[in-house]
Amino acid sequence: MATDCIDYNFHKIEPHWQTFWEENHSFRAERNPAKQKYYVLDMFPYPSGSGLHIGHPEGYTATDILARYKWARGFNVLHPIGWDAFGLPAEQHAVRTGTHPASNTQNNIVTFKRQIKALGFSYDWEREIDTTDPRYFRWTQWIFLQLFQRGLAYVDERAVWWCPELRTVLANEEVVDGRSEVGGFPVERRNLRQWVLRITAYAERLLADLKGVDWPESTKRMQEAWIGRSEGAEIRFELEDKSHGPLKVFTTRPDTLFGCTYMVLAPEHPLVEALATGDLKAEVEAYRRKAAGKSDLERTDLAKEKSGVFSGSFAINPVNGQRVPIWIADYVVMGYGTGAIMAVPAHDERDHEFAQRFSLPIVQVVESGGASLPYLGDGRMIHSGAYNGLPWQEAKRRITEDLAARGAGRATVNYKLRDWLFSRQRYWGEPFPIVWVDEAGYARAQATRPDLLPGEAVTFVQGGVRHYALPLPPEALPLELPSVQSYLPSGTGESPLANETSWLEIWFDLETGAAVPASAPRPAAGAWVRGRRETNTMPQWAGSCWYYLRFLDPHNRDAIAAPAALRYWGAPDLYVGGAEHAVLHLLYARFWHKVLFDLGVVPQDEPFTKLFHQGIILGEDGEKMSKTRGNVVSPDTLIDSHGADTLRLYLMFLGPLDAMKPWNPRGIEGVHRFLQKVWRELIAADGSVSAKASADADAPELIKLLHETIKKVGDDIEHLRFNTAISQMMIFANAVQKAPGVTRDTALVFLQLLAPFAPHFAEELWSRLGGQGSIMRAPWPAYDPSRLATSEVKLVFQVNGKHRGDQFVPVGTTQETALQLARNNSRVAPFLDGKTVKRVVFVPARVLNIVVE
RNA sequence: GCUCGGGUGGUGGAAUGGCAGACACGACGGUCUUAGAAGCCGUUGCCGGAAGGCGUGCAGGUUCAAGUCCUGUCCCGAGCACCA
């Protein structure tokens with residue numbers, strides 16, 4: 001039932017149809033295994049306090065068009081939405097106001113939901129999820145337990161980024177230019193006990209399987225670079241003082257081993273102290289302290305001159321027995337390879353620079369053909385004993401083999417990818433389902449629930465006591481957050497949870513996971529041990545690592561999703577979201593997914609087979625939108641002034657979906673006029689169907705244009721080219737305007753094409769023009785290829801490649817006829833006059849190019 | 001520094017190697033109106049009265065034909081950054 005408004009009153013029309021869709025459950029994904037499925041997913045938002053940003057509806061409109069189009073194409077569509085609701089802003093708000101972050105989060109969700117609904121998106125709200133809901137994070141915790149049980153989670157005391165302002169550690173990825181990505185506060189290094197996920201165990205598969213996914217090439221390359229695979233060799237140098245054992249280095253150029261004139265250890269390398277000799281000890285120690293105080297930004301500043309200090313010790317080059325001095329320098333980092341290198345200044349830029357600065361010898365071992373050093377190109381070996389004359393790639397292979405044969409090295413592969421720092425000293429995150437117990441407690445657990453434990457116990461030592469990580473039994477999940485007095489982190493660097501003694505210090509039942517405060521007497525029956533809960537919480541990435549699976553079966557109490565649902569819906573057919581998640585979210589989610597695949601939980605080994613990034617919408621001034629610049633465009637304002645349909649159309653009309661585009665506030669008038677024009681053509685001044693839209697027959701040109709439009713809009717939607725689809729619909733509307741009339745059927749077909757873009761508008765006119773039911777359920781119109789055929793085409797005449805005239809000719813016109821027509825063409829003829837034709841190029845139905853002398 | 005992506009009218013943008021500038025915005029002129037708004041009609045890459053010439057960052061090249069392919073170069077944007 002249409003509204004009763006006389007003119008195009010979107011204030012009335014849009015809420016009307018939104019209510020209609022809601023009441024009719026129009027977007028409910030069916031449970032119908034016989035029907036072909038289409039799963040289209042948006043990156044779910046973090047419900048921030050500032051509400052929806054114009055960038056959200058850009059991507060959401062794109063997926064909504066796809067979803068509605070696929071419904072019309074007869075697919076069973078899954079188009080869900082939810083909330084990535086754990087996160088720092090809500091916690092900071094809680095610290096300021098003392099209110100629970102959950103209440104702030106729920107308020108924000110209400111706002112987001114209202115705004116999203118006002119845009120008329122076809123989400124299946126019955127599948128809404130919220131990562132902070134215990135019914136959801138129960139399964140986040142469950143997945144963590146699987147990682148734990150498989151030995152993919154461990155604790156490690158490691159130098160991590162600590163932000164004094166935020167009072168938490170941050171992942172490498174959350175630190176940008178020596179400052180926190182959130183808030184831009186300075187960060188420093190601290191040694192803290194952390195949970196770490198062994199993502200490096202999946203490095204090879206994460207890299208290899210990128211080949212099979214349909215992603216933007218740039219994103220694949222970013223992940224490749226992030227994983228950073230490099231093949232080389234680990235080479236073992238004996239130390240002159242054998243009491244310290246051998247020194248292992250990683251190199252990608254074992255062929256240049258004869259050119260190694262010194263070694264470098266990272267300042268954090270465990271052998272540094274032992275290798276510093278005599279009067280150099282003090283100098284080495286001073287250097288090490290200085291390096292520790294440097295931020296990564298200072299250390300990696302390429303403009304800075306290299307620094308370093310000689311240790312006083314020597315290693316022995318395994319290929320020629322030469323003594324090689326060992327230096328300590330911070331251009332070598334501990335986190336990659338072995339934290340030590342063999343320096344070959346003739347063939348490495350960094351080593352070259354260092355050697356020059358400290359006047360170390362430079363020995364060339366690859367022929368450079370006269371090119372200056374450092375030389376990194378191709379060439380044959382020199383000064384390399386038995387390997388002289390070999391191409392370097394060949395020498396690389398042979399030297400590696402020879403070293404391996406002598407036990408002095410082996411071919412290895414190294415990755416830049418580091419294990420994933422997975423803990424945060426915060427309140428507002430998923431608690432780890434882990435209890436720390438002593439050795440005796442762990443021994444009991446090994447007897448009681450060995451199925452839950454990893455092959456090797458996860459432990460740490462503090463104050464001479466070893467603590468053992470014990471998982472909660474899955475049936476005891478979720479482990480919920482306790483309410484706390486203060487959301488401020490504890491002074492020790494632990495999360496606020498460390499202050500909640502009754503939650504923290506417990507008697508723990510190994511069999512059931514039940515707990516009572518340690519202050520209470522130990523319960524009699526059951527396998528109770530004394531324990532202390534883990535106080536860290538999980539990072540925000542955790543909840544978003546698997547949410548696309550929960551949408552398949554969001555209310556399941558027994559599993560992350562039923563196997564049948566996982567099989568039927570599979571992975572999203574299309575995943576749309578910002579390129580800022582190119583590495584982190586998309587890599588973490590792939591990692592978890594592969595683990596779940598190995599567990600047999602999910603049937604496919606990649607989560608996101610097709611990915612698309614919507615571009616950023618810049619402010620009017622061409623700058624990134626930000627409150628401080630005052631160039632933020634609010635969807636609410638535009639919905640009020642022009643309507644959701646106009647906003648949706650304009651967002652898509654702005655340019656290619658993946659492009660970065662500035663917002664032009666005046667341009668929105670164009671698409672609004674387009675809708676007004678369609679309304680005016682089809683609806684009379686009194687609100688009834690116009691006389692014009694009641695024609696008996698369409699002009700042949702209009703029919704042809706309609707079929708062209710059906711084809712182009714369909715093709716463009718499939719390829720996410722929404723801007724050109726809209727342009728084609730505008731062309732059609734302009735043609736209708738100029739035509740004397742249009743049939744009801746043609747008008748209805750056109751409205752169907754428009755419906756995915758401007759759904760409220762299309763439903764309204766569909767209803768007024770007598771369309772049956774909801775336009776969403778009407779099958780997508782098919783074009784008739786025979787209608788696209790033309791009898792006449794415009795042939796362009798060129799002389800020497802220049803356009804000199806054109807003429808309509810029948811399809812199938814031959815070169816001879818065309819040439820004759822050109823000669824007779826009054827505009828072309830003068831250019832042929834008195835010239836000799838050297839060559840004629842004829843492209844049927846397109847161009848005739850006459851090359852003359 | 002390395003790796004990508006991109007430079008087309010006043011603006012956003014369009015163009016399987018085959019008429020560069022579709023579709024819009026803006027601007028200008030007209031129509032309607034007491035006036036305006038909306039709508040409608042027309043013009044709108046640059047130079048030129050016209051004929052015509054020039055034109056897709058710049059310089060070359062391939063081709064009958066280049067925004068599109070190749071080489072070099074400049075500029076803008078993104079990502080990575082002493083990873084051995």
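All heavy atoms count here, side chains included; hydrogens, waters and symmetry mates do not. Below, chain A is the first sequence line, B the second, and so on; all start at residue 1.
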Distance test, side-chain N/O of A:Ser230 to OP1/OP2 of B:A84, below 4.0 Å: yes
A:Lys802 side-chain N/O to B:G53 phosphate OP1/OP2 under 4.0 Å: no
Rounded C1' spacing from B:C23 to B:A14 in Å: 7 Å
Atom P, compared across B:G9 and B:G5: separation rounded to whole Å: 22 Å
Distance test, side-chain N/O of A:Arg357 to OP1/OP2 of B:C82, below 4.0 Å: no
A:Asn734 vs B:A24: side-chain N/O to OP1/OP2 distance below 4.0 Å: yes
OP1 or OP2 of B:G39 under 4.0 Å from side-chain N/O of A:Arg673: yes
Between B:C4 and B:G10 - C1' atom distance, rounded Å: 31 Å
Smallest separation among heavy atoms of A:Gly801 and A:Asn849, with atom names: N-OD1, 3.0 Å
Contact under 4.0 Å: A:Arg839 side-chain N or O vs B:C64 OP1/OP2: yes
Side-chain N or O of A:Arg804 closer than 4.0 Å to phosphate OP1/OP2 of B:C19: no
N/O (side chain, A:Gln737) to phosphate O (OP1/OP2, B:C40) under 4.0 Å: yes
Least distance between heavy atoms, A:Val344 atom then A:Asp351 atom: N-OD2, 2.9 Å
Short side-chain N/O contact from A:Asn849 to OP1 or OP2 of B:G18, under 4.0 Å: no
